[in-house]
Amino acid sequence: MQASNMCKIWFTCKGHLICTREGNKNYFAIPPLPIEEALREAQHLKEKVSEETTKRQKAELELLSALDTITEWRILHQHERRQRDAVEEQQLREKQEVREMIKRFEAVYDQLDDAQELKLRMIEMESARKGHREELAMNKYRVEMLQADNKKLQQELKRCITEMQSARKEYEEELATSKYLVELLESDKEKLQKELRAALTEAEDLRGKSLLSSTSEPDNTCPPSYFVCPISQDVMNDPHVAADGFTYEGEEIRGWLDTGHDTSPMTNLKLSHSMLTPNKALRSAILEWQQQQQNLT
């Protein structure tokens with residue numbers, strides 16, 4: 001209540017700064033006064049003390065409100081404990097400095113001659129407090145940014161997990177399809193091998209018949225019917241066996257399949273696959289027959 005207006009009073013609770021206020025007493029170097037002037041000055045000081053008492057009561061109410069605010073603040077800052085670890089040491093140092101300043105203030109309270117020095121020190125402490133507030137605000141902003149980044153990362157992780165599950169499902173479906181196709185191809189392979197063996201046997205029989213026919217009828221220039229492609233009606237140069245078991249000119253049967261046909265040119269039944277197998281035995285027989293025709297001419 002008797003602090004100079006050049007002083008700043010700090011109110012603390014359990015080491016935490018609650019609020020501050022300026023002193024209201026104007027201090028001047030007072031020369032020795034007569035008794036009457038001293039009495040008037042005492043009366044004036046008494047009025048000042050009364051005003052300071054009222055202000056102190058108001059400050060106590062503000063202090064209680066500030067205590068409630070600090071309680072809420074401490075609860076909110078429990079979520080920021082990790083970020084506050086970095087500044088805890090600095091806060092402890094500042095608390096120690098505040099305690100020391102309070103002790104000095106109590107010692108200087110009755111020695112108003114040191115008011116100017118005390119004011120400078122309080123200004124320094126206020127500047128340090130302001131810096132601490134700015135740093136605390138920056139840490140709070142960083143925490144909010146980290147929380148936002150964490151939320152984005154969680155959303156991205158959920159999206160990646162969803163995509164991975166979808167990709168895994170597609171992979172499993174493709175794997176099942178591939179297994180089915182492999183089984184189907186294995187089945188078609190066995191069927192083709194059987195058809196190829198049958199075609200080779202047929203070609204060997206046809207070759208034997210061709211040789212017998214060329215020996216008994218050397219002047220016959222008409223090609224055997226099995227040398228002729230069912231599609232082009234020409235002697236085949238590159239015979240291939242299709243899925244229906246018939247032999248066709250390779251170029252002709254490929255053109256038939258490439259135009260969208262999936263049925264046999266001979267039976268008009270749907271082909272089980274589009275794979276073609278070269279009929280080497282029949283090609284050899286056709287080449288031999290053509291050579292014989294050239295020799296006859």
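Predicted, not measured: the structure shown is a model, and the values here were computed from it.
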Closest heavy-atom pair and its distance - [X], [Y]:
{"X": "P230", "Y": "M266", "answer": "CB-SD, 3.3 Å"}
{"X": "G250", "Y": "H240", "answer": "CA-ND1, 3.7 Å"}
{"X": "P265", "Y": "Y248", "answer": "CD-OH, 3.5 Å"}
{"X": "R283", "Y": "N237", "answer": "NE-O, 3.1 Å"}

Between [X] and [Y], is any pair of side-chain heavy atoms under 4.5 Å apart?
{"X": "P224", "Y": "W289", "result": "yes"}
{"X": "K152", "Y": "E156", "result": "no"}
{"X": "E251", "Y": "D238", "result": "no"}
{"X": "K48", "Y": "E51", "result": "yes"}
{"X": "T263", "Y": "L269", "result": "no"}
{"X": "I286", "Y": "V235", "result": "yes"}

Given 3.5 Å as the limit, does a donor-acceptor pair link the side chain of [X] with the main chain of [Y], or not?
{"X": "T162", "Y": "K158", "result": "yes"}
{"X": "E97", "Y": "M125", "result": "no"}
{"X": "T259", "Y": "G255", "result": "yes"}
{"X": "E249", "Y": "D234", "result": "no"}
{"X": "S65", "Y": "L61", "result": "no"}
{"X": "H273", "Y": "L271", "result": "no"}
{"X": "S50", "Y": "K46", "result": "no"}

Interatomic distance, [X] atom [atom1] to [Y] atom [atom2] [nearest 0.5 angstrom]:
{"X": "E60", "Y": "E62", "atom1": "CD", "atom2": "CD", "answer": "10.5 Å"}
{"X": "C160", "Y": "L153", "atom1": "SG", "atom2": "CG", "answer": "10.0 Å"}
{"X": "K95", "Y": "I102", "atom1": "NZ", "atom2": "CD1", "answer": "12.5 Å"}
{"X": "D149", "Y": "M145", "atom1": "CG", "atom2": "CE", "answer": "5.5 Å"}
{"X": "N150", "Y": "L146", "atom1": "CG", "atom2": "CG", "answer": "8.5 Å"}
{"X": "M236", "Y": "E252", "atom1": "CE", "atom2": "CD", "answer": "11.0 Å"}

- Run the side chain to side chain contact (heavy atoms under 4.5 Å, CB included) check on Y226 and T247 step by step: do they pass? CA-CA 8 Å; Y226 46 84; T247 302; over 6 Å; no
- May I ask whether V241 and L276 are part of the same hydrophobic cluster, defined by side-chain heavy atoms of I, L, V, M, F, W, Y residues being less than 4.5 angstrom apart, directly or through others? no
- Query: For the hydrophobic clusters of this structure (ILVMFWY residues joined by side-chain heavy atoms under 4.5 Å, transitively), does one cluster hold both F246 and I231?
  - Reply: yes
- Query: Is the closest basic N to carboxylate O distance between E52 and R56 below 4.0 Å?
  - Reply: no
- Look at atom NZ of K140 and say whether more than 12 heavy atoms of other residues, nucleotides or ligands are closer to it than 6.0 Å. no
- Could you tell me whether Q233 atom CD has more than 12 heavy atoms of other residues or ligands within 6.0 Å of it? yes
- Residue among T267, N268, D262 satisfying side-chain hydrogen bond (donor to acceptor under 3.5 Å, both in side chains) with S264: T267
- Test side chain to side chain contact (heavy atoms under 4.5 Å, CB included) applied to L287 and Q290, step by step: CA-CA 5 Å; L287 291 174; Q290 290 175 343; 3.8 Å; yes
- Query: Which word best sums up how the rings of H261 and W256 line up, parallel for under 30°, tilted for 30 to 60°, or perpendicular for over 60°?
  - Reply: parallel
